[in-house]
Amino acid sequence: MSPGRSIWQDGLGRAAIRSLQMLLVLAVVVVVTYAAIRLRLIVVPLLIATLIAAAVNPVVDWLDRGRIPRSLATLATMLTGFAALGGVGWWITSAVGDQWQDLTESAREGWTELRSYVLDGPLPITEQNLQDAQDQLGEFVQGSQFQQGAISGATLAIEIVAGLFLGLVLLFFLLRDGRGIWAFLRDQLPAEYRERWDVTAERSVGVLGGYVRGTAVVAFVDALVIGIALVIVGVPLALPLAVVVFIGAFIPLVGATVAGILAALVALVSNGFVTAIIVVAVVIAVNQLEGDILAPIVLGQALSLHPLAVLLALTAGTIVAGVIGALLSVPFAAVAWTAVKTLRENRGDPEPAEAQ
C-alpha cells in the first residue's frame, strides 16, 4: 500500500464499503417490512385504497371537469362501484341458491364413484384405511389446534371488517384530496428536487392505474371465455366460477390457472372426466391467449417487469403477507421499478438555489 493511502481506497476497501451499504439498505428493508407487518391493519387498507384510487381517479377527474364538486364526484363514483359489486354479489348468491341442491347431489354421486374407484383400483387401499382417515379428520376438527385456528379466524374476520371501513375512508380522501396530499408531502423536500419527484409520482400513479385497469380487462376476458365454456358443457355454478376466475386473474402467473383448476374439479365432480378434460383444455387455451396476446397489448408498459422479477415479487409477497401480498406485490414492484427508472433519467446534480 502506498504511503498515505487508506485501506478503504483499494479494490477490497471499495468492495467492503459497497457491502456495508448493501447491508445497511437490507437492514432498513427488514425493519420497514417488520413494521408494516405489525401495522398491517393500517398498511394493507392504505395500499389497497391506493391501488383502487389510482385506477378510479380518472373517472373522478372527468366528473370534476364537468363542474361537479370534487366531494360529490368522489361519493358518486364510490357508490356506483358499491352498487355494481352488490349487484354481482346478489346475482352470484341467486345462482348458487338455484343450483346448490343439484351440485350437492352431483358431488355426493361423484364422491361415491371416487370412493369405489379407490377401493377397487390398483392401490392397496381398504375400507378400513378410509375409515381411519375419516376418524383422524374428525379428531383434528375437535382438537385444540383446530379450535385455536377458529379463534384466530374470528380475530382475522374482525380485522378484515375494521380494515374495510378504514380502507373506505382512505379511498374517499385519496380520491378527493390526492393531489393536495401529494403536494404536502412534496413540499417537505428541497425545492430543487420537487419537479423530479412530481414527474416520478405522475408516472408511478399512471403505471399503477394502468396495471389495475389493464388487468381488469384481461381478467374479464378470461372469465367471459371460461364462463361461456362452462355454460356450454353444462357445469353447474358457471357464474360463480367465472367470478372466481376474474378475481384469480389479478394474481399474476398462477391466479387464473388455480381458478381454472377449481372449475375443472367442479366439472369432474358434477359432470365427469370428459367434461373436466374439456374445461382443462379451455383453461390452457385461455392462458395462452392471455400470455401471448392480451397481456402484452392491454397492459402495454404498465408491467415492464421481466417474468422472473414478477415471480420473485409474487413469491416474496406471498411469504410476507399471504394472499394480500400476492395481490399487491407485483403492481407495487412495477411502481417501484418505474420510480427508480424515472429518478435515474432525471438524475443530476441539482442546480444551486439562488441567493435571496
Side-chain angles (χ1 to χ4, degrees), residues 15-55 152 155-156 158-160 162-171 173-174 177-190 193-194 196-209 211-212 250-253 302-306 308-347:
I17 293 174
R18 186 65 66 187
S19 299
L20 290 174
Q21 291 173 336
M22 294 177 62
L23 289 175
L24 180 60
V25 171
L26 180 61
V28 172
V29 170
V30 170
V31 171
V32 171
T33 303
Y34 176 78
I37 293 174
R38 299 295 296 177
L39 298 174
R40 62 183 179 274
L41 190 58
I42 298 175
V43 174
V44 172
L46 177 60
L47 293 178
I48 294 178
T50 303
L51 196 70
I52 298 175
S152 300
T155 303
L156 178 61
I158 295 174
E159 291 183 356
I160 290 175
L164 178 61
F165 282 106
L166 177 60
L168 292 176
V169 174
L170 291 172
L171 177 60
F173 284 112
L174 286 174
D177 304 323
R179 288 186 175 84
I181 294 172
W182 168 249
F184 171 79
L185 296 174
R186 180 205 58 199
D187 290 344
Q188 310 310 309
L189 297 171
Y193 294 104
R194 292 175 187 173
R196 182 191 309 177
W197 279 97
D198 274 337
V199 175
T200 302
E202 182 179 356
R203 292 186 182 178
S204 298
V205 172
V207 166
L208 192 59
Y211 172 83
V212 176
F250 281 86
I251 302 179
L253 300 180
L303 191 59
S304 56
L305 295 175
H306 191 277
L308 179 59
V310 173
L311 180 61
L312 292 177
L314 182 64
T315 304
T318 304
I319 293 173
V320 172
V323 177
I324 295 296
L327 288 170
L328 299 178
S329 58
V330 174
F332 281 100
V335 168
W337 179 238
T338 300
V340 169
K341 290 194 302 182
T342 304
L343 289 174
R344 290 179 61 184
E345 290 174 2
N346 294 275
R347 186 175 58 185

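Within the structure, every pair that satisfies the side chain to side chain donor-acceptor pair (under 3.5 Å) test and touches residues 15-37, not counting sequence neighbours, is listed here: R18-Q21. Pairs engaging residues 312-329 under the side chain to side chain donor-acceptor pair (under 3.5 Å) rule: none recorded [sequence neighbours left out].
For the pairing with V335, the side chain to side chain contact (heavy atoms under 4.5 Å, CB included) check across V205, V340, L208 returns one residue only, L208.
Between the side chain of R40 and the backbone N or O of I37 there is at least one donor-acceptor pair closer than 3.5 Å. For R194 (side chain) and L189 (main-chain N/O), a donor-acceptor pair under 3.5 Å exists by modelled atom type.
For A336, the side-chain contact (heavy atoms from CB on, under 4.5 Å) criterion is met by no residue, not counting sequence neighbours. Listed by chain and residue number, nothing satisfies the salt bridge (Lys or Arg N to Asp or Glu O under 4.0 Å) test with D177 (two or more places apart in sequence, or in another chain). Considering only residues two or more places apart in sequence or on other chains, F250 meets the ring-ring contact (aromatic ring centres under 6.0 Å, His included) condition with F246.
With rounding to the nearest 0.5 Å, the separation of CD1 in I319 from CG in L314 is 10.0 Å. Atom-to-atom distance recorded for L170:CG and F165:CZ is 13.5 Å, nearest 0.5 angstrom.
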TODO: Kindly indicate, with the supporting measurements, whether the criterion side chain to side chain contact (heavy atoms under 4.5 Å, CB included) is fulfilled by V169 and F173.
DONE: CA-CA 6 Å; V169 174; F173 284 112; 3.6 Å; yes

What verdict does the side chain to side chain contact (heavy atoms under 4.5 Å, CB included) test give for Y211 and V330, after you've listed the backbone C-alpha separation in whole Å, the side-chain angles of each residue and the deciding distance to 0.1 Å?
CA-CA 10 Å; Y211 172 83; V330 174; 4.1 Å; yes

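The neighbour count for W182 CH2, taken as heavy atoms of other residues, nucleotides or ligands under 6.0 Å away, is above 12.
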For residues 41-49, please give each side-chain donor-acceptor pair under 3.5 Å, one per line with the distance, not counting sequence neighbours.
none

